[in-house]
Amino acid sequence: MRIATWNVNSLNVRLPHLLDWLAASPVDLLGIQETKLTDDKFPFAALAAAGYQAVHSGQKTYNGVALLARGVIEDVSRDMPGFADEQKRVIAGTVNGVRYVNVYVVNGQAVGSEKYAYKLRFLEALQRYLAEELQRYPNLVVGGDYNIAPTAEDTHDPEVWEGGILCSEPEREGFRKLLALGLQDGFRLFPQEAKTFTWWDYRQAAFRRNMGLRIDHLLLSAPLAARARSALVDKAPRKLERPSDHAPLVIELAPV
DNA sequence: ATGGTTGACCTTCAA
């Protein structure tokens, strides 16, 4: 079973890339973020024709998350209980006994800003929510755009990033608290090339110069971590014309 | 020079 996460940065623009990528890399369960469209505009039919069921929680212009699966998506829930939020950032569902919580964590803009405070509140709510999810679903994957580079090694240049947004200590502490629930950073279960990232700014030819960050993650509960066989960032879609600024992250799970 | 890009939307905000 192959599971993945990808911030597509507008599904309207990126649907052709998504369909091409699914054809070339047929994952079984995928979380996408930043669809930037309402549920009535979601391309259910095009995805069904490609063999994928989908559930979506979207809004106009901003945010929006979806789960895509080859198979039935059961027990679907939206948002986080006890965290009233108009922004559509969380959707969860179960496929073949695997629970996938798909999150688009708040960017936070700048350390100390109002959006940063919202990000830290969001991370606290996520911690509470995932503690409950782990109780209910032992086979849990939490995938998405976390907008957090967990360590200095996850940045192209610590001099530029350390202490700033996406890399500040309170954000990283929030990330570590998610791990402390009993989740593992799937990417780091395997040897990885240094300077492997999932996001590169559109500006300054950042992708060509590999000026990126590793901010998209697949966290695995212990039973799923035991089944993990590989983890890789697929940079191919980032090389296309009009790409998303993020690349997909894929983990292969051995059968039960 | 305080810059650069993309997406949504319409003038500016968010990332």
Side-chain angles (χ1 to χ4, degrees), chain A residues 5-21 31-43 46-47 56-66 79 83 85-91 102-123 126 143-150 154-157 159-168 170-172 174-175 197-217 233-249:
Chain A
T5 180
W6 191 11
N7 181 323
V8 297
N9 187 17
S10 170
L11 191 53
N12 271 333
V13 175
R14 227 67 66 196
L15 182 61
H17 286 189
L18 176 61
L19 292 172
D20 288 349
W21 186 72
I32 61 174
Q33 305 86 36
E34 284 206 89
T35 58
K36 297 187 177 180
L37 42 80
T38 49
D39 293 352
D40 59 303
K41 302 266 176 59
F42 190 86
L47 289 166
H56 181 237
S57 180
Q59 64 185 91
K60 196 176 176 182
T61 307
Y62 304 114
N63 310 312
V65 285
D79 305 316
F83 190 74
D85 194 350
E86 291 179 358
Q87 303 192 15
K88 301 305 183 188
R89 295 180 173 277
V90 180
I91 192 167
N102 180 24
V103 295
Y104 174 47
V105 174
V106 179
N107 174 286
Q109 194 171 53
V111 174
S113 67
E114 181 52 45
K115 288 173 186 169
Y116 183 75
Y118 167 44
K119 182 177 195 172
L120 297 183
R121 289 197 306 275
F122 185 95
L123 288 170
L126 183 60
D145 176 359
Y146 287 72
N147 274 312
I148 299 171
D154 300 308
T155 73
H156 69 90
D157 185 355
E159 294 267 325
V160 171
W161 287 97
E162 289 301 285
I165 194 65
L166 314 184
C167 301
S168 73
E171 293 166 83
R172 286 176 170 171
F175 185 81
F197 306 122
T198 65
W199 171 84
W200 302 260
D201 200 292
Y202 285 122
R203 294 166 284 192
Q204 299 177 296
F207 181 68
R208 181 177 59 74
R209 302 158 72 189
N210 198 31
M211 295 165 54
L213 300 177
R214 189 174 72 91
I215 56 175
D216 301 86
H217 309 293
V233 176
D234 186 353
K235 289 168 72 172
R238 187 64 177 79
K239 301 173 182 173
L240 301 173
E241 290 293 315
R242 283 191 95 189
S244 168
D245 44 354
H246 295 252
L249 168 67

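Note that this is a predicted model, so its numbers are computed, not measured. Letters go in sequence order (proteins before strands), and every chain restarts at 1. Hydrogens, waters and symmetry mates are skipped; everything else that's a heavy atom, side chains included, is used.
Here the C1' atom of nucleotide dC9(B) and the CG atom of Leu37(A) are 15 Å apart, to the nearest Å. What separates CD of Gln59(A) from P of dG7(B) is a distance of 18 Å, to the nearest Å. Distance CG (Leu240(A)) to C1' (dT6(B)): 16 Å, rounded to an integer number of Å.
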* **Footprint string (nucleotides 10-15 of chain B, 5' to 3'): B base within contact, S backbone only, - free, heavy atoms under 4.0 Å** => ----SB
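By the 30° and 60° cut-offs, the orientation of the rings of Trp161(A) relative to His156(A) is perpendicular.
Interatomic distance, CD of Glu114(A) versus CD of Gln109(A), reported as 10.5 Å (0.5 Å rounding).
Side-chain N/O atoms of Arg14(A) include none lying less than 4.0 angstrom from OP1 or OP2 on dT6(B).
Each of Asn9(A), Asn63(A), Ile91(A), Val65(A) was scored for a side-chain contact (heavy atoms from CB on, under 4.5 Å) with Gln33(A), with one residue passing: Val65(A). Residue Ile215(A) is tested with Asn107(A), Asn147(A), Ile148(A), Val105(A) for a side-chain contact (heavy atoms from CB on, under 4.5 Å); the sole match is Asn147(A).
dA14(B) and dC9(B): their C1' atoms are spaced 12 Å apart (whole Å). Remark: the separation of the P atoms in dG3(B) and dT12(B) is 16 Å, to the nearest Å. Going from the C1' atom of dA15(B) to that of dG4(B) covers 14 Å, rounded to whole Å.
Residues Pro237(A) and His246(A) fail the side-chain proximity criterion, which asks for heavy atoms closer than 4.5 Å.
Considering only residues two or more places apart in sequence or on other chains, Phe83(A) meets the ring-ring contact (aromatic ring centres under 6.0 Å, His included) condition with Phe122(A).
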